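Each chain gets a letter, A, B and so on, in the order its sequence line appears, and its residues count up from 1. For clarity, every value in this text was computed on a predicted model and none was experimentally measured.
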Amino acid sequence: MAVPAVVVLDFETSGLSPAQGDRAIEIGAVLLRGGEVVDQFQSLMNPGFRVSGFIENYTGISNAMLAKAPPCAEVMARFAGFIRDLPLVAHNASFDGRFLAAELQRIGAAPPGRFACTMLNARRIFPGAPNHRLETLVDYLRLPRPEAFHRALADARMAGAVWLRTEAEITARYRIDPVPFEWMRRLGSVPKHRVEAFFQPGPA
DNA sequence: TGCCAGGCCCTCTTTAGGGCCTT
């Protein structure tokens with residue numbers, strides 16, 4: 001069975017809440033198909049105001065860099081074409097989902113569809129990790145460390161690697177096909193403490 | 001540096017509170 005493609009994305013933003021006026025300042029994403037990155041998207045975007053010193057330090061994205069970047073609307077229009085109607089994945093998807101929905105709404109584009117969360121999956125599948133921050137999971141799962149953290153494309157690549165490792169673990173542990181969102185639906189439908197009971201190994 | 005928000009999940013819970021995770 002062909003494994004459907006997914007887009008793993010990550011936003012850098014001016015803060016934590018689009019409802020409080022925060023905006024996206026960078027988008028990074030990878031298109032995964034057949035367990036591999038087959039395409040990618042990355043762009044800074046100018047939110048129209050200066051970001052705080054904390055955000056400059058946290059992301060390494062300066063106001064000077066943003067001043068030269070295209071506006072959010074232009075970037076998000078191109079990004080909407082990149083994701084089309086593909087299922088989406090992010091680490092702490094509730095965060096990226098809010099910003100994606102807000103930025104798409106600003107340009108009159110269709111809202112995002114299915115959105116899976118590598119953090120929630122990791123909490124279920126890798127409960128022994130020290131914590132479930134993206135950077136910690138990369139080390140815990142012995143995945144290649146990126147050249148930078150807290151930049152959109154690097155974080156999207158890491159989240160993609162965590163996603164693939166989680167799929168592989170589920171496939172090996174529960175012997176179900178790695179069909180995105182089918183196992184997500186099943187996994188998300190039961191409380192954490194019942195996951196082991198829910199997935200009974202299939203016939204050898 | 002850590003607050004701002006919001007969803008998930010745990011527990012000394014469920015008529016609630018607080019930690020985690022994202023920038």
Provide, to the nearest angstrom, the distance between the [atom1] atom belonging to [X] and the [atom2] atom belonging to [N].
X: A:Leu100; N: B:dA5; atom1: CG; atom2: P; value: 22 Å
X: A:Met119; N: B:dC9; atom1: CE; atom2: P; value: 9 Å
X: A:Phe99; N: B:dT23; atom1: CZ; atom2: P; value: 10 Å
X: A:Phe115; N: B:dC8; atom1: CZ; atom2: C1'; value: 16 Å
X: A:His91; N: B:dT23; atom1: NE2; atom2: C1'; value: 13 Å
X: A:Asp96; N: B:dC21; atom1: CG; atom2: C1'; value: 11 Å
X: A:His150; N: B:dC21; atom1: NE2; atom2: P; value: 13 Å
X: A:Arg133; N: B:dG19; atom1: CZ; atom2: C1'; value: 11 Å

- Where do A:Asp22 and A:Thr13 land on the side-chain hydrogen bond (donor to acceptor under 3.5 Å, both in side chains) test, with the steps shown first? CA-CA 7 Å; A:Asp22 291 318; A:Thr13 71; over 6 Å; no
Within the 4.0 Å heavy-atom criterion, would you say [X] contacts the bases, only the backbone, or no part of the nucleic acid?
X: A:Asp22; answer: nothing
X: A:Asn57; answer: nothing
X: A:Thr59; answer: sugar-phosphate
X: A:Asp10; answer: sugar-phosphate
X: A:Leu134; answer: sugar-phosphate

- Message: Taking CZ in A:Arg78 as the centre, count heavy atoms belonging to other residues, nucleotides or ligands within less than 6.0 Å. Is the count above 12?
- Response: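 Check passes, neighbour count above 12.
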Between [N] and [M], how many Å separate the two [atom1] atoms, rounded to a whole number?
N: B:dC12; M: B:dG18; atom1: P; result: 15 Å
N: B:dT1; M: B:dG7; atom1: P; result: 28 Å
N: B:dG19; M: B:dT13; atom1: P; result: 16 Å
N: B:dT15; M: B:dC20; atom1: C1'; result: 25 Å

- Query: When the nearest nucleotide of DNA chain B is assigned to A:Glu12 and to A:Ala19 on a heavy-atom basis, which residue is associated with the more 5' position?
  - Reply: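 With A:Glu12 and A:Ala19 compared, the 5'-side residue is A:Ala19.
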- Query: On DNA chain B, nearest-nucleotide positions of A:Gln20 versus A:Tyr58: which is more 5'?
  - Reply: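 With A:Gln20 and A:Tyr58 compared, the 5'-side residue is A:Gln20.
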- Residues touching DNA chain B, which here means a heavy atom under 4.0 Å, drawn from residues 60-72 of chain A: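 Contacting residues: none.
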- Query: Going by heavy atoms closer than 4.0 Å, what residues in residues 42-55 of chain A are next to DNA chain B?
  - Reply: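 DNA chain B contact set from residues 42-55 of chain A: A:Phe54, A:Ile55.
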- Query: Salt bridge or not for A:Arg151 and A:Glu12, using N-O below 4.0 Å?
  - Reply: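 Looking at A:Glu12 together with A:Arg151, the answer is no, because their closest N to O distance does not fall below 4.0 Å.
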Minimum side-chain heavy-atom gap [X]-[Y] below 4.5 Å:
X: A:Pro112; Y: A:Leu104; result: yes
X: A:Glu56; Y: A:Asn63; result: yes
X: A:Leu32; Y: A:Val8; result: yes

- Task: May I ask you to evaluate whether A:His132 reaches the phosphate of B:dC20, defined as a side-chain N or O under 4.0 Å from OP1 or OP2?
- Result: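 Checking A:His132 against B:dC20: no side-chain N or O falls below 4.0 Å of OP1 or OP2.
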- Query: Does a side-chain N or O from A:Arg124 land closer than 4.0 Å to OP1 or OP2 of B:dC9, or not?
  - Reply: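 Affirmative; the distance criterion is met.
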Closest heavy-atom pair and its distance - [X], [Y]:
X: A:Ile55; Y: A:Gly15; answer: CD1-N, 4.3 Å
X: A:Gly97; Y: A:Phe115; answer: CA-CE1, 3.5 Å
X: A:Gly28; Y: A:Ala152; answer: N-CB, 3.2 Å

- Distance-only side-chain donor-acceptor flag, A:Thr136 / A:Asn131, under 3.5 Å: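 Looking only at side-chain atoms, A:Asn131 and A:Thr136 do form a donor-acceptor pair, the distance falling under 3.5 Å.
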- Task: Check step by step if side-chain hydrogen bond (donor to acceptor under 3.5 Å, both in side chains) holds for A:Thr118 and A:His91.
- Result: CA-CA 5 Å; A:Thr118 52; A:His91 196 71; 2.7 Å; yes
- Give the nucleotide from the list B:dG7, B:dT23, B:dC21 with an atom nearest to the side chain of A:Ser94.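 Nearest nucleotide to the side chain: B:dG7.
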- Message: Looking at the base of B:dC20, is there any donor atom on it, or on the side chain of A:Arg123, that sits under 3.5 Å from an acceptor on the other one?
- Response: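 Per atom types, the contact qualifies.
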